[in-house]
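Below is one structure, written out as structure tokens; the observations come after it.
When reading the values below, keep in mind they use all heavy atoms of this one structure, side chains included, and skip hydrogens, waters and symmetry mates.
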Protein chains: 2
Amino acid sequence: MVRKTKEDAAITRQRIIDAAREVFLVRGVSRTSMEQIAAQAGLTRGAIYWHFDSKTEILLALRERVFLPLIDRMDDTLLKAAEGAEDPLLNIERFLTETIQVLNDSSETRQTYEIMMIKCEYVDEFAEVLQQIANNCSNISLNIKRAYQRAQELDLLDTSCTPEEYAMDTYLFFSGLLHMWIKDPEGSERRQQTNNFIRAHVRLRRKTKTA
Amino acid sequence: MVRKTKEDAAITRQRIIDAAREVFLVRGVSRTSMEQIAAQAGLTRGAIYWHFDSKTEILLALRERVFLPLIDRMDDTLLKAAEGAEDPLLNIERFLTETIQVLNDSSETRQTYEIMMIKCEYVDEFAEVLQQIANNCSNISLNIKRAYQRAQELDLLDTSCTPEEYAMDTYLFFSGLLHMWIKDPEGSERRQQTNNFIRAHVRLRRKTKTA
DNA sequence: GGGTTTACATACAAGCATGTTTGTATGTAA
DNA sequence: TTACATACAAACATGCTTGTATGTAAACCC
């Protein structure tokens, strides 16, 4: 069987992406050849070159498929925190735990993060990917700041720092948390304590903590 | 001139490492060939293969040269914080600012970090490097915890969280800070505010903040 | 139902990058 | 001065990867 129906082709395309993810995770992006991806997908390079122009495009497709929904979700939770919520700090806590929960539940997401973090070199055509990530991060950072500003308006926020300082502190905590979580081996002790650390992080910002 | 004296050979070896760092930074580790390193160093591959068995060994040498002194220095500052200091929180703050200061002052350190963070794929023989880094980090984490415990004994520490929770929070902050600092472009606004954010981070932990 | 396009497989050519081998001139010690 | 080790350069052989070109059978469209 050679020529497939359109739905079959879409499945094939997805199989290529899945195969690439599996091989990338083991061999790294650079050391992975088109032939290896094809073999993992049970295809030949011809199929891959029909669906994608290059290995880079596969990686970009892999990334978009996982990152865009996650970014949307994070923005959504944070926007709620900044606008409607009666307890913005709780929403910030929810933003953190939910993101970790996605990593915990979805191996596709977890593996994709691992590839983007420690199995990929950001040079040449990937420099722009780094730029996109930076943009997403600064957007998250901005929304965190708004949430803290709202918490301040509602008099829920400790007064020793400014909302901007809290926001940067939380953003850096979040960034470090993702790296730790991805790099830690599966089922590590620290992974299980993650929610504790998130709660402690947010608790430290509540005004009533010493009252 | 072919055969050099021992000192000349040591200089050549260092030139190879320097050349590799420059090429790695631009092209990434995987895409860099021995030929390119040799050209950058003004040598041939023969010279490189005499000094190093493989590209991996160059990268390891590059890493050790920068990381080991830095790790030592961080351990040193944190140990002082955990044992002798009359203000452990100030020492934690110093640990953070000093590390950033090193990155700021030494382009060799900064570039090496950038290579290890976003221009290198941790697979196969590099999986163990990741393990070493994890060990260093958990050691740092442990020393931070000790410093916070001492701060608690001296009644300098806010009581809303445990020393362990503070330690993890600071470690994740530190991890995120390094990534932000390295990924941000040179002379970025956020880089300059780094010290402010560090001070805010530590200030939040002082007991007297609401007194 | 015939032509056209689609969705692949197969085959071919060319370019690195690697590792190794060989050559060689100099330092170095006896 | 001899004998060997050192510090490279240069040449060689090999394998891998990429890109492209061609083949082909089935799906799609009118």
Donor-acceptor contacts under 3.5 Å from residues 64-73 of chain A side chains, at least two apart:
residue  : atom : partner   : partner atom : Å
Arg65(A) : NE   : Gln14(A)  : OE1          : 2.9
Arg65(A) : NH1  : Glu108(A) : OE2          : 2.9

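Atom CZ in Phe52(B) sits about 14 Å away from atom P in dG19(C), given to the nearest Å. With rounding to whole Å, Met34(A) atom CE is found 20 Å from dG15(C) atom P. Here the C1' atom of nucleotide dT20(D) and the CD atom of Glu35(A) are 15 Å apart, to the nearest Å.
Ion pairing between Arg21(A) and Asp18(A) holds under the 4.0 Å rule for side-chain N and carboxylate O.
Taking 4.5 Å as the limit, some side-chain heavy atom of Ile182(B) sits within range of a side-chain heavy atom of Leu103(B). Residues Leu59(B) and Met116(B) meet the side-chain proximity criterion, which asks for heavy atoms closer than 4.5 Å.
In this structure, dT1(D) forms a base pair with dA30(C), meeting either the Watson-Crick or the G-U wobble geometry with both donor-acceptor distances under 3.5 Å. When both pairing distances are held under 3.5 Å, dT5(C) makes a Watson-Crick or G-U pair with dA26(D).
Applying the 4.0 Å criterion to OP1 and OP2 of dA7(C), one finds that Thr12(A) has every side-chain N and O outside that range. For the OP1/OP2 pair of dA7(D) and a distance below 4.0 Å, the side-chain nitrogens and oxygens of His51(B) include no atom meeting the criterion. For dG19(D), one of the phosphate oxygens OP1 or OP2 lies less than 4.0 angstrom from a side-chain nitrogen or oxygen of Tyr49(A).
Picking from dT18(C), dA9(D), dT18(D) the nucleotide with the shortest atom distance to the side chain of Ala47(B) gives dA9(D). Distance from the side chain of Trp50(B) is smallest to dT6(D) among dC8(C), dT18(D), dT6(D).
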Once each nucleotide of nucleotides 10-15 of chain D is scored for protein heavy atoms under 4.0 Å, what B/S/- sequence comes out, 5' to 3'? SBB---
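Residues Tyr148(A) and Tyr166(A) bring their aromatic ring centres within 6.0 Å.
Using a 30° and 60° split on the angle between ring planes, Phe95(B) and Phe174(B) fall in the tilted class, from 30° to 60°.
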